[in-house]
Amino acid sequence: MTLELQLKNHIRQALLALYQLSENDVVLQPTKKDFEGFYTFVTFGLTKALRKPPVQIGQELGQYLLLHAPQVSAFNVVQGFLNLSIHDQTWVGLLNEIIADKNFGTKPANGHSAMVEFSSPNTNKPLHLGHLRNVFLGDSISRILKADGNEVVKTCLVNDRGIHICKSMLAYQHLGNGETPQSAGLKGDHLIGKYYVLFDREYKRQVEALTATGLPEEEAKKQAPWMKEAQQMLQKWEQNDPDTRTLWQQMNQWVYDGFGETYQKIGANFDKVYYESQTYLLGKDLVADGLTTGVFFTKPDGSVWIDLTDEGLDQKLVLRADGTSVYMTQDLGTTDLKFKDYGNDRSIWVVGNEQDYHFSVLFKIMKRLGRSYADGCHHLSYGMVDLPSGKMKSREGTVVDADELIAEVTAAAETEGNSKGKLDDFPASEKTQLFSMLGLGALKYYLLKVDPQKRMLFNPAESVELHGNTGPFIQYTHARIRSVLRKAHAMEVPLGAVASDVALQNSERELIFLLTQYPERVADAARDYSPAFVAQYAYDLAKGYNSFYAEVSILGETDPVTLSARVCLSNAVGLTLKKATALLGIDVPERM
RNA sequence: GGUCCCAUAGCUCAGUUGGAUAGAGCAACGGAUUUCUAAUCCGUCGGUCAUAGGUUCGAGUCCUAUUGGGAUCACCA
């Protein structure tokens, strides 16, 4: 049982003993830094029921706890706030529990499972900054859910078909001259992206030429030769035309190779990949079912709809009049497929918040169709990433390319690292690995520390920053701890348990307090689908350690018991930092 | 026009179910290293929590309205 729960129990007993009051939900909060103590109980809420001033209640409760709660060493009352101090022996006991628990912060399997879908790129252009927020979020939340006791299946639904894919294929057919990633010296995804841009350029030119002849713009967009060709190509694709399919496969393969490289660099992977080319026809049988059960209705033209107006939404099309699918149709089918394949009791979609409406409709439909898993569906909706110059727009070429960005953050880490002179004895390969670790650490932390739901600003200068509230700051703290531990090992300082009668500094109590909170913070992150909690925690812990490090001498301590305690504490902090950053997909170095 | 999200220090962000004097980082300025990694630590400066009401012992947090920003309401995905 956690210290907090123990204290709550004691307070509950105190209320019963002193006032015959049975209070079920006792709330404790961490004591503010300016006051003495670690836990605070607020007594304002009891004044009515007890008809006593808040200070008196605090005093009476404090006295009772001092006598009956063995963890409480002292208390003070400020207005309606009862602040509790904790015995050093209690802290040491907690630290020893943490040290002994190899799985600290990781819950045992709870029998539940979750599917997390993320990344889900189009195969007509390379990944960009927005994808990175998506992938980092999806990867991190998968790790967090796993640590919280769930089995997790990571999936990706690749958008590998449709008119936009045909556009780059068409441009390649016309202008490619048999170019390959090898011959062009480009990653496959970048090569395809190039042709997508070329399509757009030529298409615009054609539209302009047509409007110059007096054709209205709307009409010109439809009549432009390349647009017509692209649509024909889509039809050929749907009819399984061999040449079209061959080209499609070739070009998609290039893209997958390119994506694969990027995924590998950032440490992302999937347990199962779904391809839209294989799922886009699904869902029609669900629509048929829903029609017979009256969930859907048919309009005079034959199109099928659902009416969600009684839930504050609109009517939504689920099948076209000609019987072909829309986005919603395939998502219905794919959702069913996912649950059929894996039977997870939860399914999470990491998708930008511009699709909030789509998912609220999707989930409501699933519910009405009586799908047992409907309540387990969750849209992890995240905000857009803005640039200092404004919104990212692919058409205006203001997107930040993922590969370029990764190269930039790595280069920034390299510049800083080499300027220190501390790494001079590192072999070149280790340096490369370290700079990549630090650059990615900076980037991942930068994107994950912000509440996912919020729109965020991407400042290139800040993203490569290595000081302050950053990934490398935490990585540095870990390296620092490892350095201390290496020296402690050489000095043969015992690393087992801490002696229960050791006297603690306040910075040490503070650190142990932070350590005890780790499991709860992971649980919070899992509950709210927010890696930001873990990021904030890792930063607080690293900061706390650096304060401690500056305040006391660890290896210079002459008392062997205290020396050992500080080394043990350092070790526990180092391990916890490593676990917390791992939940963010961030590696930490031994030296830097 | 309907619906949803957002607004906290010069900038980027925290702020647990309503609790104390609203916190970090960056930027600016000033300190700290004969000793464990200075990619560090300590300090100073910086706020009418968009505005106006309401709920109550107490509101950045809950409710209403207003203003400003964004998204969405496609037989696109």
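Worth saying up front: this structure is predicted, and the values here are computed from it rather than measured. Quick note on labels: first sequence line is chain A, next is B, and so on, each numbered from 1. Keep in mind that the numbers below use all heavy atoms, side chains included, and drop hydrogens, waters and symmetry copies.
The side chain of A:Thr31 lies closest to B:A20 when the candidates are B:U40, B:C41, B:A20. With B:A77, B:A24, B:C57 as the choices, the nucleotide that has an atom nearest any side-chain atom of A:Lys48 turns out to be B:C57. Relative to the side chain of A:Ser483, the nucleotides B:C41, B:C75, B:U37 differ in distance, and B:U37 lies closest. Among B:C41, B:A77, B:C57, the nucleotide with an atom closest to any side-chain atom of A:Tyr327 is B:A77. Nearest to the side-chain atoms of A:Phe81 among the listed nucleotides B:U37, B:A20, B:A77 stands B:A20. Comparing B:C36, B:C42, B:U72 against the side chain of A:Glu354 picks out B:U72 as the nearest. Between B:A39, B:C75, B:G23, one nucleotide has an atom nearer to the side chain of A:Ser303 than all others, and that is B:C75. Distance from the side chain of A:Asp524 is smallest to B:U16 among B:U40, B:U16, B:C36. When distances run from any side-chain atom of A:Tyr549 to the nucleotides B:C41, B:C36, B:C26, the shortest one goes to B:C36.
Every residue was checked against the ring pair (Phe, Tyr, Trp, His ring centres under 6.0 Å) condition with A:Tyr549, not counting sequence neighbours, and none meets it. Residues satisfying the side chain to side chain donor-acceptor pair (under 3.5 Å) criterion with A:Thr581, sequence neighbours excluded, are absent altogether. Qualifying side chain to side chain donor-acceptor pair (under 3.5 Å) partners for A:Lys48, counting only residues two or more places apart in sequence or in other chains: none. Every residue two or more places apart in sequence or in another chain that forms a side-chain contact (heavy atoms from CB on, under 4.5 Å) with A:Asn469 is listed here: A:Tyr445, A:Lys449, A:Tyr539. In terms of the ring pair (Phe, Tyr, Trp, His ring centres under 6.0 Å) criterion, residue partners of A:Phe513 (sequence neighbours excluded) are, by chain and number, A:Phe38, A:Tyr39. Residues passing the side chain to side chain donor-acceptor pair (under 3.5 Å) test with A:Asn122, sequence neighbours excluded: A:Asn159. Scanning for ring pair (Phe, Tyr, Trp, His ring centres under 6.0 Å) contacts around A:His467 gives an empty result, with sequence neighbours left out.
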Anything under 3.5 Å between a donor and an acceptor, one on a side chain of residues 312-319 of chain A, the other on a protein residue two or more places apart or in another chain? List them.
{"from": "A:Asp314", "atom 1": "OD2", "to": "A:Tyr357", "atom 2": "OH", "distance (Å)": "3.1"}
{"from": "A:Gln315", "atom 1": "OE1", "to": "A:Lys299", "atom 2": "NZ", "distance (Å)": "3.3"}

Please write out each protein N/O paired with an N/O of nucleotides 59-64 of chain B under 3.5 Å, distance rounded to 0.1 Å.
none

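Residue A:Pro54 is out of contact with every strand shown, counting any heavy-atom pair closer than 4.0 Å.
Nucleotides B:A20 and B:U33 place their P atoms 38 Å apart, quoted to the nearest Å. Going from the P atom of B:A24 to that of B:U44 covers 10 Å, rounded to whole Å.
For A:Trp305 and A:Phe296, the distance between ring centers is not under 6.0 angstrom.
Every stem involving RNA chain B, taken as at least 3 paired positions in a row under the Watson-Crick or G-U wobble test at 3.5 Å, is listed here: B:1-7 with B:67-73, B:10-13 with B:23-26, B:28-32 with B:40-44, B:50-54 with B:62-66.
Between A:Glu23 and A:Lys8, no side-chain nitrogen of the basic residue sits less than 4.0 Å from a carboxylate oxygen of the acidic one, so the salt-bridge criterion is not met.
Evaluation of A:Phe44 against the base of B:G19 yields a stacking contact (centre distance < 5.5 Å, interplanar angle < 30°). For B:A20, the base is stacked against the aromatic ring of A:Phe35, per a cut-off of 5.5 Å between centres and 30° between planes.
The residue among A:Gly45 and A:Arg320 whose nearest nucleotide of RNA chain B is located toward the 5' end is A:Gly45.
The nearest pair of heavy atoms linking A:Ala224 to A:Val207 is CB-CG2, 4.1 Å.
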Open item on the list: Does the protein touch nucleotides 1-12 of chain B at the base, only the backbone, or not at all? Give it as B, S and - per nucleotide, heavy atoms under 4.0 Å.
Closed with: ------S----S
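Using a 4.0 Å cut-off on heavy atoms, the residues of residues 411-418 of chain A that approach RNA chain B are A:Glu416, A:Gly417, listed by number.
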